[in-house]
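Just below is one structure, and these are the notes that go with it.
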Protein chains: 2
Amino acid sequence: MDKKTEIKRNTQQRQLITECVQVLKHPTAEDVWQCVSKKLPNVNKTTIYRNLKRMVDEEELLSFVTGEGITHFDSTLDRHYHLYCKKCGGITDTHAELLDQLTKAVQDSEKFQIEEQNLILTGACPKCQNNDPK
Amino acid sequence: MDKKTEIKRNTQQRQLITECVQVLKHPTAEDVWQCVSKKLPNVNKTTIYRNLKRMVDEEELLSFVTGEGITHFDSTLDRHYHLYCKKCGGITDTHAELLDQLTKAVQDSEKFQIEEQNLILTGACPKCQNNDPK
DNA sequence: CTAGATGCAAACGTTTTGCAAATCT
DNA sequence: AGATTTGCAAAACGTTTGCATCTAG
């Protein structure tokens with residue numbers, strides 16, 4: 001009764017969107033649009049938005065927002081969090097063990113029932129620390 | 001050379017904005033506008049946005065974005081993170097010890113130099129768990 | 001054949017910008 | 001007085017919606 005068993009068509013657009021999210025790793029809607037456009041020059045952004053939204057609703061993708069307020073999509077579904085490099089804009093996944101510990105602790109001490117964890121650590125990735133020795 | 005030593009005027013609007021952020025705890029720009037409007041009915045939203053932005057730039061306030069993509073402002077500057085209740089929309093501060101541990105671990109293992117931590121745990125606060133026994 | 005998906009244009013909400021008028025200091 | 005800040009209107013931005021057309025099943 002929770003998940004709708006909706007008919008889903010396998011359109012070219014949808015296939016490409018899925019593909020692009022996987023390849024691009026942590027794209028924005030704009031990124032996906034540009035990527036899909038390469039193979040299908042007339043895709044409309046609306047289609048991108050509609051599909052991404054639906055995929056998030058149906059839990060095929062997850063989305064998160066960086067400190068700058070930009071929404072990114074992620075095809076990695078296991079719980080993890082993100083390292084966001086301010087300099088190059090790169091986003092790296094990190095595993096969730098420590099975050100899980102933290103969440104459990106909060107759950108116990110605050111009696112807060114946690115459903116989603118959204119952690120973004122922002123800073124400078126190893127590459128940018130070296131390349132930009134300011 | 002980093003922080004600008006700009007002239008800052010003590011306008012009525014700015015005072016009220018500061019006041020409202022403190023009182024409201026984790027307001028959105030809209031919240032602040034409504035709050036300031038009570039005492040100064042003709043404030044323009046632009047003024048709210050401009051001041052909030054500047055305060056964040058000058059590190060008098062910090063801002064964060066919930067999973068829904070809504071920007072909130074916070075006058076508590078010490079490192080801490082937020083519990084966001086999906087049902088009532090309430091936001092609670094939590095202390096940062098565990099998050100600090102996590103951050104240190106990431107810093108060491110990933111060689112990622114972390115400047116900002118942004119953690120939002122979303123779920124149901126104690127009140128809403130009880131009041132809404134679904 | 002037909003429900004569901006797309007493309008387009010227009011609406012939307014939030015935030016930003018340009019400029020003249022008002023206001024702190 | 002003079003520079004900063006405000007208010008207003010308009011633009012910008014990312015996203016959503018309505019609707020006619022197209023298409024996968």
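Chain A is the first sequence line, chain B the second, and so forth, proteins listed ahead of strands; every chain is numbered from 1.
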**Intermediate values then yes/no, side-chain contact (heavy atoms from CB on, under 4.5 Å), A:Thr66 and A:His72** = CA-CA 8 Å; A:Thr66 60; A:His72 294 252; 3.6 Å; yes

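In this view, B:Glu110 satisfies the salt bridge (Lys or Arg N to Asp or Glu O under 4.0 Å) rule with no residue, not counting sequence neighbours. Take B:Lys53 and apply the side-chain hydrogen bond (donor to acceptor under 3.5 Å, both in side chains) test, not counting sequence neighbours, and it matches no residue. Residues that satisfy the side-chain hydrogen bond (donor to acceptor under 3.5 Å, both in side chains) test with B:Gln34, not counting sequence neighbours, are B:Glu30. Judged as a disulfide (SG to SG under 2.5 Å), and not counting sequence neighbours, the contacts of B:Cys20 are B:Cys35. By the side-chain hydrogen bond (donor to acceptor under 3.5 Å, both in side chains) test, A:Arg50 is found to be paired with no residue, residues two or more places apart in sequence or in another chain being considered. Residues meeting the ring-ring contact (aromatic ring centres under 6.0 Å, His included) test with B:His82, sequence neighbours left out: B:His26, B:Phe64, B:His80. Scanning for salt bridge (Lys or Arg N to Asp or Glu O under 4.0 Å) contacts around A:Asp57 gives an empty result, with sequence neighbours left out. With sequence neighbours excluded, the residues satisfying side-chain hydrogen bond (donor to acceptor under 3.5 Å, both in side chains) with B:Arg79 are B:Asp100, B:Gln117.
Interface residues of residues 33-43 of chain A facing DNA chain C, ordered by number: A:Asn42, A:Val43; criterion, heavy-atom separation under 4.0 Å.
Hydrophobic clustering (ILVMFWY, side-chain heavy atoms < 4.5 Å, transitive): A:Val106 and B:Leu102 are in one cluster.
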**Complete:** Letter by letter from the 5' end, nucleotides 20-25 of chain C scores (B base, S sugar-phosphate only, - none; protein heavy atoms under 4.0 Å) ---BBS

**Asked** Base, backbone or nothing for each nucleotide of nucleotides 9-19 of chain C, written B, S, -, heavy atoms under 4.0 angstrom, 5' to 3'?
**Response** B----SBBBB-

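In the helix from C:dC1-D:dG25 to C:dT25-D:dA1, the rotation axis of the first five pairs and that of the last five pairs differ in direction by 30°, rounded to 10 degrees.
The CG-P distance, from A:Leu16 to D:dA24, rounds to 13 Å in whole Å. Rounded to an integer number of Å, the gap from A:Ile48 CD1 to C:dA5 P is 15 Å. One can place CD of A:Gln15 at 14 Å from C1' of D:dT23, the figure rounded to the nearest angstrom. Put simply, CG on A:Asn51 is 15 Å from C1' on D:dT17, counting in whole angstrom units.
Of the options A:Asp74, A:Asn51, A:Leu52, A:Ile17, a side-chain contact (heavy atoms from CB on, under 4.5 Å) to A:Leu61 is made by A:Leu52 and by none of the others.
Annotation: A:Gln12, atom CD; neighbour count of heavy atoms from other residues, nucleotides and ligands within 6.0 Å does not exceed 12.
Not one side-chain nitrogen or oxygen of B:Arg14 sits closer than 4.0 Å to the OP1 or OP2 atom of D:dT4.
For B:Glu60 and B:Lys8, the salt-bridge test passes: some basic side-chain N is under 4.0 Å from an acidic carboxylate O.
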